[in-house]
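Here is the structure we will look at, set down as structure tokens.
The figures here come from the full heavy-atom set of this structure, side chains too, leaving out hydrogens, waters and symmetry mates. Indexing begins at 1, ligand by ligand and atom by atom, following the structure's order.
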Amino acid sequence: MNFSTRAIHVGQEPDLETGAVNVPVYLTSTYAQESVGVVKFADYGRGDNPTRAALEAVVASLEVAQFAVAFSSGLSATDAMLRTLAPGDRVMLSADAYGGTYRMLTKIFGPWGIETDVVDLSDISAVESAWGEGTKLVWAETPSNPWLRIADIAALADVTHRHGATLVVDNTFATPYLQTPLTLGADVVMHSTTKYLGGHSDAIGGMLVTNDADVAARVKFFQYAIGAIPGPLDCYLIMRGIRTLAVRMDRHQENAAKVAAMLSRHERIERVWYPGLETHPNHKIAVDQMRGFGGMVSVEVAGGAARAKAFVEKTKVFTLAESLGGVESLIEIPAQMTHVSTSGSLLEIPDNFVRLSVGIEDADDLLEDLRQALS
Ligand SMILES: *Cc1c(COP(=O)(O)O)cnc(C)c1O
């Protein structure tokens, strides 16, 4: 079956007992046992939940993977993956990774003895030269946040595997509709399902996806033993979002391309970062590796921080807010909002930098809103 069909049907067959076409939200913390220790589905809700299992099944299918494990947030998925490491190990991280990933590595795993090397992963020679003794894991984000740089996943997988290490790709921005990293050689895909997969800014969730049975078993154990589980209603909401992922992504990127083109010609914009533009430094890899360029656009505003602030505060259709990937358009200043935790670090973002999550509203309304906000 093709993508859109799998998105709507895998894990979501009509309920056998009632015929309900939607997966029930199983609000249960425990399960009746047939006799002592003999269970029908599971013994306790932290271990397994049928709504969660349905969500995991559909995401595994979309990422062309055998295993998917759902978490209470993108960061709890990240946490579970990083717990597969041991003190003395090193992590190589995208130079503009999600701020919270960097914060977790440096503030939580750093004191536990795991070192982080920040490297521009879109530059393979930089990856080679930064490789250290203990580098066990490469954490790539492509497109990255907020510069939308593209790392060559197949090339990264080559280098990583030559050194016997593991490649994790945060696929939150692209979604499996536009890119399936496991088919390009990555070992694990991480998602903040809060974003495009959920798609309606109404639930927080995370996911780890892999074909490696050992990694899957370890992170599944962490999900259970740590208790980093999503609630059944959140699982349902994210699954409902996934059913329309393909049509939403088509519109997101159609609108984003129009926004990127208009802003590229605008006198108050110094530079536009969108992988679909030929001027983007990694455009060629994006064309080869992705099935589209996504809905995120970043810009550098001419005239500095004050002009950038005035711009984001003047939009009416674009809401000034953190996060991304919902049907509604959002605008923000990473240096002061999503990426504050990178201030003073190698990942610091310039203060005239604005990130747009282009929604699926009418394109003309979006363009008009941005024009008036820049005027
Ligand atoms: C939001 C986000 C995360 C963190 O996910 P949460 O669901 O907010 O915990 C990780 N990576 C990327 C690229 C994100 O956008």
Need the list: ligand 1 N/O atoms against protein N/O atoms, distance under 3.5 Å, rounded to one decimal.
from, atom 1, to, atom 2, distance (Å)
ligand 1, 5 (O), S192, OG, 3.0
ligand 1, 7 (O), G74, N, 2.9
ligand 1, 7 (O), S192, OG, 2.8
ligand 1, 7 (O), T194, OG1, 2.7
ligand 1, 9 (O), G74, N, 3.0
ligand 1, 9 (O), L75, N, 2.9
ligand 1, 11 (N), D170, OD2, 2.7
ligand 1, 15 (O), K195, NZ, 2.7

>> With salt bridge (charged side-chain N to carboxylate O under 4.0 Å, His left out) as the criterion, how do K220 and D48 come out once you've worked through the C-alpha distance, each side chain's angles and the decisive distance to 0.1 Å?
In response: CA-CA 10 Å; K220 171 78 191 162; D48 281 294; 3.3 Å; yes
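- For residues 273-282, every residue pair satisfying the side chain to side chain donor-acceptor pair (under 3.5 Å) rule, not counting sequence neighbours, is listed here: W273-E300.
- With contacts defined as side-chain heavy-atom distances shorter than 4.5 Å, the pair T338/P146 does not qualify.
- Under the side-chain contact (heavy atoms from CB on, under 4.5 Å) criterion, M104 pairs with L75, T78, D79, L82, I108, F109, not counting sequence neighbours.
- In this structure, the side-chain contact (heavy atoms from CB on, under 4.5 Å) partners of D15, at least two apart in sequence or on a different chain, are E17, T18, A20, P24, Y26.
- Looking at heavy atoms from C-beta onward, S323 lies in side-chain contact with K195 at the 4.5 angstrom threshold.
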